[in-house]
Enquirer: 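Please see the structure below; I have some questions.
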Amino acid sequence: MSPALLPKHVATVVKYQRDPIKALAMFNSVKNENGFKHTLLTYKCMIEKLGFHGEFEEMESLMSEIRMNIDNSLLEGVYIGAIRNYGRKGKVQEAVDVFERMDFYNCEPSVQSYNAVMNILVEYGYFNQAHKVYLRMRDKGVIPDVYTFTIRIKSFCRTRRPHVALRLLNNMPSQGCELNAVAYCTVIGGFYEENFQVEARQLFEGMLEQCICPDITTFNKLIHTLCKKGDVQESEKLLNKVLKRGILPNLFTFNIFIQGLCKKGALSEAVRSLDGVRSEGLTPDVVTYNTLICGLCKNFKAVEAERYLHKMVNDGLMPDAFTYNSIIDGYCKMGMIQNADQVLNDAIFKGFVPDEFTYCSLINGLCCDGDIDRAMAVFNDALGKGLKPTIVLYNILVKGLSQQGLILQALQLINEMLDHGCSPNIWTYNLVINGLCKMGWNIDSGYDFLIENIEKGFIPSLTTFGQVLNCLCVEHRVLEAVGIIHLMVRKDIVPEVVNTIFEADKKEVAAPKIVVEDLLKKSHITYYAYEVLYDGIRDRKLHKKKLPTRCSHDRGTSFKWQPVRQYAPVASEEKLLQHMCSAYLKSVLGYFFCFYSTGKIMEV
DNA sequence: CTAGGGTTAG
């Protein structure tokens, strides 16, 4: 007599089988075993597995099956799992559909289901819809719990309203909901995000005074918001406070700190914390190395990054796509294409398959190098190897072509991308316009536009600054370009770190440099423009010289894009040009709603 | 099971 096959055995096998389709085959085959019947547990494991791996068709058909075999009122957990997995893959509509159908299938959603769907809506920025779900939940008499509150708090923080989030937090006790560290830290993070340091610190203190202390996971999330901005100092202050309460940092904590140190350019410190990890009894992992390597590369230290690549291999860690792509990108951004090639070839030899990121970096590097022919060749080669081109990759090429003055080829490529089902976006248009500026067709109106708006108190986006600066640098109009940098400093359009310099004279010298470096880091300006500007801001003759103004003519026409063409465009091109013109005007309107690295919201 | 943890691209 063979031992009976139990549901828990089937569930275990489903869980540990890596391949979801193989798991499903096994799941189906045991239906024929004598006396075996699937239970809620086995169905749930199988549905979860399929959903986790994005096998949604199979998941849906199994959900139909479970409805026929299991009491429908018991299926909420299954639906929540499906909602979450749809959410993980960005399929928001599908997640909502599952939720909407629940009570049709005799499964009354509880607060957990409402929370699950609200959370996905908030995560993907559908704040109004999330609020509607909340109102419906109240309407149905479902009582919100601490998760509901935290999700709503998050929604307020994401919409840059931390003070509203705080009010909601303070209302929780009166609604019978106890505060916890996650709710607190969500609000605190919201304050930091918007640079309300004082409020954030106060609330953190207040939380500890209530004897509510975050666990390491919650704490890590909080300092991550700080470190992403490069504010390691504040993170350290917070860390010291929780250390006293017996919280121990883990590898995540260190990795977050390394990211922050790189972000603020403290590279030697970042490198040193690698040893710090070990002295805490922890072992650096691939992410630790990748974070460091990526940080070095972003700071134009790809050679050193490559040394760490070898070090991680010596440590017995396997470099992954992330590692290689970071270094390749780093070399390309420095114009060291040969080194990038070398790293790529070594990687391929070790079995690495170049992906979209790799090609983006490489093609971008070649374009910046002026080697548009090889860039196109690599692109076509990648297409031949089955790479699915994306809007990003197209934009890189459009940029490359435009910058070479090959506007017609750029337009041709935009036509091709339309054929490939890729729609041009605002970047695409700006890139072509940028190319036109470079050819001297429209730089003056771009410049006027920028200066005029600043004088009126509107602050254009950093992208716009970058475009105009690039154009001016290419034309060697250094005086105007440097003038813009000084204007940015005067108008406080500067990265946060500038405000940590208290001595005025120090600030005056350092701020322009920081602005230029920040523009480069965020890729708003080219490396060439960076060099021109860097020299320019050190030139005493240019320093403080009054900015030339030339905004006397009618603004109504000053930034209209009117390309001069040597010959009549073919019909399809003309249509495209019209389309692009209207899009550009839309983008001009868009400037009024931009927000900036300084965290200010522009008011119209 | 539902809020909260780390690394790349225009």
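Keep in mind that what you see is a predicted model, and the values were worked out from it rather than measured. Order of the sequence lines fixes the chain letters, A, B, ..., with proteins taken first and strands second; residue numbering starts at 1 for each chain.
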Enquirer: Rounded to the Å, how far apart are A:Glu178 CD and B:dA3 P?
Expert: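 Nearest whole value for this atom pair: 20 Å.
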
Enquirer: If you measure only the distance, is there a donor-acceptor pair under 3.5 Å linking the side chains of A:Asn364 and A:Lys399?
Expert: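 Their side chains do not contain a donor-acceptor pair, so the 3.5 Å distance test is not met.
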
Enquirer: May I ask you to say what A:Glu356 touches in the nucleic acid, namely base, sugar-phosphate or nothing, with a heavy-atom cut-off under 4.0 Å?
Expert: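 Base, at least one base atom sits under 4.0 Å.
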
Enquirer: Between atom CZ in A:Phe379 and atom P in B:dG10, what is the gap in whole Å?
Expert: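 Distance check: A:Phe379 CZ to B:dG10 P gives 17 Å.
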
Enquirer: Indicate yes or no: does A:Asp341 engage A:Arg374 in a salt bridge with an N to O separation below 4.0 Å.
Expert: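 Yes, charged N to carboxylate O under 4.0 Å.
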
Enquirer: Ignoring backbone atoms, establish whether A:Asn119 has a side-chain N or O less than 4.0 Å from OP1 or OP2 of B:dA3.
Expert: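 Yes, within the criterion.
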
Enquirer: Give the rounded distance in Å between these two atoms: NZ of A:Lys263 and C1' of B:dT8.
Expert: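 Spelled out: NZ on A:Lys263 to C1' on B:dT8 is 13 Å.
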
Enquirer: Between A:Tyr394 and A:Phe379 (judged by ring centroids, cut-off 6.0 Å), do the two rings come close enough to count as a pair?
Expert: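 Yes, ring centres under 6.0 Å apart.
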
Enquirer: Among B:dG4, B:dT2, B:dT7, which nucleotide sits nearest the side chain of A:Gln259?
Expert: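 It is B:dT7.
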
Enquirer: To the nearest Å, how far apart are A:Leu292 CG and B:dT7 C1'?
Expert: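 That distance rounds to 11 Å.
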
Enquirer: Could you work out which one of B:dT8, B:dG4, B:dG10 sits closest to the side chain of A:Phe357?
Expert: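 Minimum distance to the A:Phe357 side chain belongs to B:dT8.
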
Enquirer: Mind checking if A:Ser361 touches a base, just sugar-phosphate, or nothing, with heavy atoms under 4.0 Å?
Expert: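 No contact.
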
Enquirer: Select base, sugar-phosphate, or nothing to describe what A:Cys185 touches, counting heavy atoms under 4.0 Å on all strands.
Expert: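 No contact.
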
Enquirer: CG of A:Asp145 versus C1' of B:dA3: gap in Å, rounded?
Expert: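 Checked: the CG to C1' distance equals 9 Å.
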
Enquirer: Whole angstroms only, please: what is the CG-C1' distance between A:Leu267 and B:dT7?
Expert: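 Rounded to whole Å, this separation is 15 Å.
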
Enquirer: Just N and O in the side chain of A:His224: are any of them under 4.0 Å from OP1 or OP2 of B:dT7?
Expert: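 Yes, within the criterion.
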
Enquirer: Side chain of A:Glu123, heavy atoms from C-beta onward: which of B:dA3, B:dA9, B:dG4 has the nearest atom to it?
Expert: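 Comparing B:dA3, B:dA9, B:dG4 against the side chain of A:Glu123, the answer is B:dG4.
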
Enquirer: Regarding B:dG4, can its base be found pairing with the side chain of A:Thr217 as donor and acceptor, where the two atoms are less than 3.5 Å apart?
Expert: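 No, the side chain and the base share no sub-3.5 Å donor-acceptor pair.
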
Enquirer: Taking distance alone, no hydrogens or angles, what donor-acceptor pairs closer than 3.5 Å link side-chain atoms of residues 219-226 of chain A to residues at least two apart or in another chain?
Expert:
{"residue": "A:Asn220", "atom": "OD1", "partner": "A:Thr253", "partner atom": "OG1", "Å": "2.9"}
{"residue": "A:Asn220", "atom": "ND2", "partner": "A:Ile216", "partner atom": "O", "Å": "3.3"}
{"residue": "A:Asn220", "atom": "ND2", "partner": "A:Asn250", "partner atom": "OD1", "Å": "3.2"}
{"residue": "A:His224", "atom": "NE2", "partner": "A:Gln259", "partner atom": "OE1", "Å": "3.1"}
{"residue": "A:Thr225", "atom": "OG1", "partner": "A:Leu222", "partner atom": "O", "Å": "2.5"}

Enquirer: Select one nucleotide: of B:dC1, B:dT7, B:dT8, the one nearest the side-chain heavy atoms of A:Asn290.
Expert: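 Ranking B:dC1, B:dT7, B:dT8 by closest atom to the A:Asn290 side chain puts B:dT7 first.
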
Enquirer: Base, sugar-phosphate alone, or nothing: which one does A:Ile391 contact when heavy atoms must sit under 4.0 Å apart?
Expert: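 Contact class for A:Ile391: base.
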
Enquirer: At under 4.0 Å between heavy atoms, what does A:Asp320 touch on the DNA or RNA strands: base, sugar-phosphate, or nothing?
Expert: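 If one applies the 4.0 Å heavy-atom cut-off, A:Asp320 turns out to touch nothing in the nucleic acid.
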
Enquirer: Under 4.0 Å from any atom of DNA chain B, heavy atoms only: list the residues of residues 149-159 of chain A that qualify, in numerical order.
Expert: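 Those residues are A:Thr150, A:Ile151, A:Lys154.
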
Enquirer: What do you reckon, are the aromatic ring centroids of A:Phe254 and A:Phe257 less than 6.0 Å apart?
Expert: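 Ring centroids of A:Phe254 and A:Phe257 are no less than 6.0 Å from each other.
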
Enquirer: Once hydrogens and angles are ignored, does a donor-acceptor distance under 3.5 Å link the base of B:dA9 to the side chain of A:Asn364?
Expert: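 For A:Asn364, whose side chain was compared with the base of B:dA9, there is no donor-acceptor pair (under 3.5 Å).
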
Enquirer: Nearest to the side chain of A:Lys221, heavy atoms from C-beta on, is which of B:dA9, B:dG4, B:dA3?
Expert: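 Nearest listed nucleotide: B:dG4.
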
Enquirer: What nucleotide, of B:dG4, B:dT2, B:dG10, holds the atom closest to the side chain of A:Asn395?
Expert: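 Nearest to the side chain of A:Asn395 among the choices is B:dG10.
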
Enquirer: Is any NZ, NE, NH1 or NH2 atom of the basic residue among A:Arg136 and A:Glu100 found under 4.0 Å from an Asp or Glu carboxylate oxygen of the other?
Expert: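 Salt bridge: yes.
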
Enquirer: Please report the distance, rounded to the nearest Å, between CD1 in A:Ile247 and P in B:dG4.
Expert: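 Result: 19 Å.
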
Enquirer: Given atom CG of A:Leu366 and atom C1' of B:dG10, what is their separation to the nearest angstrom?
Expert: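 Atom CG in A:Leu366 sits about 16 Å away from atom C1' in B:dG10.
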
Enquirer: Would you say the rings of A:Tyr184 and A:Phe204 are close, in the sense that their centroids are separated by under 6.0 Å?
Expert: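 No.
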
Enquirer: With stacking defined as ring centroids separated by under 5.5 Å and planes differing by under 30°, is A:Tyr114 stacked against B:dT2?
Expert: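 Aromatic stack with B:dT2 absent for A:Tyr114.
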
Enquirer: For the pair A:Thr526 (side chain) and A:Ala529 (backbone), establish whether a donor and an acceptor sit closer than 3.5 Å, ignoring hydrogens and angles.
Expert: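 Side chain of A:Thr526 to backbone of A:Ala529: a pair is present.
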
Enquirer: Would A:Tyr527 and A:Phe300 count as a close aromatic pair, with their ring centres under 6.0 Å?
Expert: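 Centroid separation for A:Tyr527 and A:Phe300: below 6.0 Å.
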
Enquirer: Quick check on B:dT2: is either OP1 or OP2 less than 4.0 Å from any side-chain nitrogen or oxygen of A:Arg84?
Expert: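 Result: yes.
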
Enquirer: The side chain of A:Lys298 lies closest to which of these nucleotides: B:dG4, B:dA3, B:dT8?
Expert: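 The closest nucleotide is B:dT8.
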
